[in-house]
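Working notes for the structure below.
The shown structure was predicted, so the numbers you read here are calculated from the model rather than taken from an experiment. Remember, it's 1-based here, ligands and their atoms both numbered in the order they're listed.
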Amino acid sequence: MEKKILVTGGLGFIGSHTVVELQNEGFEVIIIDNLSNSTIDVLEKITSITNIKPTFFNLDLKDKKEVHDFFNQNEVDGIIHFAASKAVGESILKPLDYYENNIYSLVNLLQETTQRNLNNFIFSSSCTVYGQTDELPITENAPIKPAESPYGNTKKINEEIIADAVKAHGLKAISLRYFNPIGAHSSAKIGELPLGIPQNLIPFITQTAAGIRQELSVFGDDYPTVDGTAVRDYIHVVDLAKAHIAALNRLLKNQQKNNYEVFNVGTGKGSSVLEVIKQFEKVSQTKLNYKIVGRREGDITATYADTTLANNELNWKAELTLEEALLSAWNWQKTLK
Ligand code: UD1
C-alpha cells in the first residue's frame with residue numbers, strides 16, 4: 001500500500017517541489033493550501049511533471065474546525081508542514097498576522113495529529129533560528145539566538161511547540177532548518193513566484209536580467225568576507241525537497257535516535273553576493289546591471305551549514321551545484337515573461 005502523506009503549503013515554492021519528489025518516490029500526496037501565496041495552476045503543473053494528480057484541499061489551517069473535519073475524513077501516514085507566511089519585512093509590519101497564521105496553524109495540526117496518534121511530522125524550519133553565529137560552519141548545536149523578526153520568531157516558537165508536543169504525546173518529529181533555498185524544477189514548470197518586488201537575492205537577480213527590474217542593489221561591500229559582500233549557503237530547492245523524503249523515510253522506518261530531531265539542510269558551502277552574480281552572468285550569458293549600496297538592516301555577515309549530521313543520519317547530501325541552481329532559476333524566470 002502506498003503511504004499517504006499530507007503536505008501543507010504544497011502549492012508553494014518548496015512544497016510543490018517536495019510534492020513532485022514524493023510522487024517520484026511512490027508516495028500518495030494530499031495537499032492542503034489556502035492559496036494565500038500560491039496559485040491553483042501549480043496543481044496542474046505538478047500533475048504535468050509526474051502524471052499523477054495530487055488530492056487537493058483549499059483549506060485554512062488557522063480554522064480549527066476545518067482542520068478537524070479534514071482529519072475526520074482523511075487518513076494519512078505522515079505530515080510535512082510547509083504552510084506559513086514567510087516574508088521577513090511584512091512580518092515586522094504585521095507581527096500579529098504572522099503569529100496568528102504560523103502558530104495557530106501548527107497548533108491546530110498538532111492537536112489533531114496527537115489525538116489520532118499520527119506520529120510522523122516534519123516541520124519546515126530555518127537557519128534564521130541561529131541568527132549571527134560566532135562559529136562557522138553552523139552545527140545543530142549552535143545556540144538559538146533571539147529572533148530578528150516576528151517571522152524568525154515563529155520558526156523558533158514552532159520548534160519549541162513541537163518539542164513540547166513530542167515530550168507530552170509521543171509524537172515523532174523532525175525539523176529541517178533550511179539555509180537559502182533557490183532554483184526551480186528542471187522542467188521549468190514550477191519555481192519561486194515572489195509577490196511584488198522580490199526581497200530575496202535570486203528572484204531579484206533573475207527579474208533584473210529579464211528586464212523587469214532596472215538594477216540590482218548589492219547590500220553592502222564592507223563585510224569581513226572574501227570580497228566584502230555577505231555570504232550565504234544557497235541550496236537547490238530540488239536537493240532540499242529530497243531532504244524531506246530522507247527525513248520522512250527515517251520517521252516511517254523508525255530510525256530516529258530521538259523522538260524529536262533537528263537537521264541543517266544546506267550545501268555546506270558559502271557564496272558571497274558578488275560570487276553569485278558572477279556565476280549567474282556566466283550561466284545565463286547576460287550582463288547584470290548592479291550597484292553597491294549600503295548594508296540592509298538586519299542582515300548578517302555570513303552563514304553556512306555544517307551538514308555532517310544530515311549527511312550521516314539522513315543519508316542525504318546536496319548534489320546540485322550553485323551553477324545548476326542559478327541556471328534553473330533563470331530558465332524558470334524566462335517562462336514567466
Ligand atoms: C532571508 C530571510 C530568511 C529566510 C531566507 C529565505 C532576512 C533577514 N532573512 O534570508 O529569514 O529564511 O530569506 O527566504 O530577510 N541581497 C542583495 N540585494 C538584494 C537582495 C539580497 O544584496 O536585492 C543580499 C542580502 O543582503 C544577503 C543575500 O543577498 O546578503 C541573500 O539575501 P536573501 O535572499 O534576502 O536571503 P537572506 O537575507 O539570507
Query raised in the report: Distance from Leu110 atom CG to Asp164 atom CG, nearest 0.5 Å?
Result: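 So the CG of Leu110 and the CG of Asp164 are separated by 10.5 Å.
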
Report summary line: Sorted by chain and number, sequence neighbours left out, side chain to side chain donor-acceptor pair (under 3.5 Å) with Thr286 holds for Ser284

Check ligand 1 against [X] and write out every atom of the ligand that is under 4.0 Å from a heavy-atom position of the residue.
X      : result
Asn180 : 10 (O), 36 (O), 37 (P), 39 (O)
Gln199 : 20 (C), 35 (O)
Val218 : 22 (O)
Ala230 : 30 (O)
Thr128 : 11 (O)
Val88  : 2 (C), 7 (C), 9 (N), 11 (O), 15 (O)
Ser217 : 17 (C), 18 (N), 19 (C), 22 (O), 23 (O)

Report task. Could you tell me whether a side-chain N or O of Ser125 sits under 3.5 Å from a main-chain N or O of Arg177, the two making a donor and an acceptor? Result ->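 Flag not set: sc Ser125 to bb Arg177 has no pair under 3.5 Å.
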
Query raised in the report: So, the side chain of Arg295 versus the backbone of Asp222: is there a donor-acceptor pair under 3.5 Å, distance only?
Result: yes

Report summary line: Checking heavy atoms under 4.0 Å, the part of Thr229 that sits near ligand 1 is neither

Contact summary for [X] and [Y], nearest pair of heavy atoms:
X      : Y      : value
Asn289 : Gln214 : ND2-O, 3.0 Å
Thr303 : Cys127 : OG1-SG, 4.4 Å
Lys155 : Ser126 : CG-CB, 4.2 Å

According to the interplanar angle, ranging from 0 to 90°, do the rings of [X] and [Y] count as parallel (below 30°), tilted (30 to 60°) or perpendicular (above 60°)?
X      : Y      : value
Phe82  : Tyr178 : tilted
His81  : Phe121 : tilted
His185 : His17  : tilted

Counting heavy atoms only, name the option from [options] that's nearest to [atom].
atom                    : options                        : result
atom 11 (O) of ligand 1 : Phe179, Tyr151, Phe219, Tyr290 : Tyr151
atom 12 (O) of ligand 1 : Pro203, Gly298, Ser126, Gly220 : Ser126
atom 38 (O) of ligand 1 : Arg213, Arg232, Arg296, Glu192 : Arg296

What is the closest protein heavy atom to [atom], and at what distance does it sit?
atom                    : value
atom 24 (C) of ligand 1 : Val273 CG2, 3.8 Å
atom 34 (O) of ligand 1 : Leu201 N, 2.8 Å
atom 14 (O) of ligand 1 : Asn200 ND2, 3.6 Å
atom 25 (C) of ligand 1 : Asp299 OD2, 3.4 Å

Query - Transitive ILVMFWY cluster of Trp332, excluding itself - 4.5 Å side-chain cut-off - result: Leu193, Leu336

**Report entry** Min heavy-atom dist Tyr234 to ligand 1 below 4.0 Å
**Finding:**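 A heavy atom of Tyr234 does come that close to ligand 1.
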
Query raised in the report: For ligand 1, is there an N or O atom under 3.5 Å from any N or O atom of Phe204?
Result: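 No, no N or O pair falls under 3.5 Å.
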
